[in-house]
2 protein chains.
Amino acid sequence: METLLLTPNLLIIRKLENVLLLKDKEKQAIKDLSIKTITLHSDQDIMKAGDQPTQCCLVIDGFACAYKLTSEGKRQIISLYIPGDIPDLQSLHLPFLDINIASITPCILGFIEHDDLRNLCELHPRLSVALWRETLMSASITREWLLNNGQRPAYNRIAHLICELLVRLEAVGLATESTFDMPVTQAELADATGMTHIHMNRVLQALRTDGLISNNKNQITVPDWQKLKEAGEFDPLYLHLVPETAQD
Amino acid sequence: METLLLTPNLLIIRKLENVLLLKDKEKQAIKDLSIKTITLHSDQDIMKAGDQPTQCCLVIDGFACAYKLTSEGKRQIISLYIPGDIPDLQSLHLPFLDINIASITPCILGFIEHDDLRNLCELHPRLSVALWRETLMSASITREWLLNNGQRPAYNRIAHLICELLVRLEAVGLATESTFDMPVTQAELADATGMTHIHMNRVLQALRTDGLISNNKNQITVPDWQKLKEAGEFDPLYLHLVPETAQD
DNA sequence: CGGCCCCTTGATTCTGATCAATCAGAGTGG
DNA sequence: CCACTCTGATTGATCAGAATCAAGGGGCCG
């Protein structure tokens, strides 16, 4: 919680500018958005599947997640959200929420009225596109998770997830080149990768003894990015962060 | 291939009207879209990850899929596409494709220029929203697959997939209440559910002997929808096909 | 100090993978 | 019409990665 906090509105601007340079009046329109912030403890449900939200929520500080449950009570974490992410942006155009959204750590959240966002989209088509793109980027991450969880053995799977988190956190200034705060329990990581927390524990140990990661407390350090990347077969293309080769 | 074929343009209109009633001029705008159709054999790559497409492709007839590969050569099928689906709609706003798209069966595809679609979106904001929603619905299915593949044992997992296919095919008139053409090999189903084709074969046998499905040739029949639904823990909410309970 | 949450360890079990063939049907060419 | 081939479905035997069951251990908080 010692993040250098941007105002919620600036957080959104920075996020959208990752892929699209904004004009002044567009930035102003975002600055004018009314965002109501709240603070949550860890592990609190924010929205539930089936809900029909009338606002979108923005992660300002902390980690959040989307999850789904089977009737047997097994939980799959569908997405991890970090500051700048808008977990339920989809609810702007899908009336029913199909996921549960919850805080993982203590969180600061911002809420934006759908009506305000729809207004924004109508007045600023480029912003509409930028938001659309946000939902597409998030879908792309889900696709990569499907590959990762479906086809990679536990060891590589976890390596991949850590790679992703490092890159995403770096992109919002929450990680130095090799170290980042990761206050996510092993059980939660297990739910994200479709395995038991026991097995997660053992594999994390293996990653540690192999020198791919080291961690104390809630912090993960990556001593050898190259090695971790290889273990995770990590290719950041799917994050769509920067057009890597601007060939046109 | 004996589907009663709509023209590509009418296919899009029907698809979008699933969730949003279109105005006449909007329908006309879609009818005026220029769509170039091509025919493909089965198992042909249509687009590859890393591509920067300048058109979107529409499935007019046949089955297609999106897949990703690990460097070990394992394949995860990310999505199955049926007539009316637009596999790479995301490419409209994400410059690089992160998935491979291929035909599963012989296919008829339609191609629409990005420029035309962008034009359409600018002139008809409601169509823009409808297309946005399409990408969101597709993302929702991916999320459910992540849950399904990550948390359900093979038997229930396959049951779930068959439920989904039946409902989606019904929605486009390609399934009667209980029977549909499913020219997807067991190996492909295995790649979609993250298991071996051998195990897929055995589990399908189990489903058959339990009377949850029966199949001859490329056709699947569901004798007891209730039972299959229960086995798959299937709740169609995530398909966002119709607001089931219009409670507001 | 007790309770709780999270991490860790060990022993055992089992789902699903791997390895290795065989079989059946469709299309091809002689 | 039949041998030949290829793809997809099927079966059996064995193996392994990960789940399950069971139980400690350490740190934090009221």
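Convention: sequence-line order gives letters A, B, ...; per-chain numbering from 1. Given the structure is predicted, the values throughout are model-derived calculations rather than measurements.
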Checking all strands, does Arg208(A) fall into the base, sugar-phosphate, or nothing category for heavy-atom contacts under 4.0 angstrom?
sugar-phosphate
Please state how far atom CG in Asn215(A) lies from atom C1' in dT8(C), giving the value in whole angstrom units.
13 Å
Nearest-nucleotide 5' precedence on DNA chain D, Met200(A) against Glu188(B)
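Its nearest nucleotide lies further toward 5', so the answer is Glu188(B).
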Contacts table for residues 194-202 of chain B: side-chain donor-acceptor under 3.5 angstrom, sequence neighbours left out:
{"unit_1": "Asn201(B)", "atom_1": "OD1", "unit_2": "Gln205(B)", "atom_2": "NE2", "d": "2.5"}
{"unit_1": "Asn201(B)", "atom_1": "ND2", "unit_2": "Gln186(B)", "atom_2": "OE1", "d": "2.9"}

Between the first and last five pairs of the helix from dT8(C)-dA23(D) to dG30(C)-dC1(D), the angle of the axes, rounded to 10 degrees:
40°
Spacing of CD1 belonging to Ile60(B) relative to CG belonging to Asn9(B), to within rounding of 0.5 Å
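Going from CD1 on Ile60(B) over to CG on Asn9(B), the span is 8.5 Å.
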Rounded to the nearest 0.5 Å, what's the gap from CE on Met47(B) to CD1 on Ile101(B)? Could you check?
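The CD1 atom of Ile101(B) is 6.0 Å from CE of Met47(B), to the nearest 0.5 Å.
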Within less than 4.0 Å of OP1 or OP2 of dT8(C), is there a side-chain N or O belonging to Asn201(A)?
yes
Strictly by modelled atom types, are Thr70(B) and Gln151(A) linked by a side-chain donor-acceptor pair under 3.5 Å?
no
So for Arg202(B) and dG12(D), does any side-chain atom that can act as donor or acceptor lie under 3.5 Å from a complementary atom in the base?
yes
Counting distance only, does the side-chain N/O of Asn100(B) pair as donor-acceptor with the main-chain N or O of Tyr67(B) below 3.5 Å?
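Such a contact is found between Asn100(B) side chain and Tyr67(B) backbone.
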Over 60° means perpendicular and under 30° means parallel, so classify the ring planes of His160(A) and Phe234(A), tilted if in between.
perpendicular
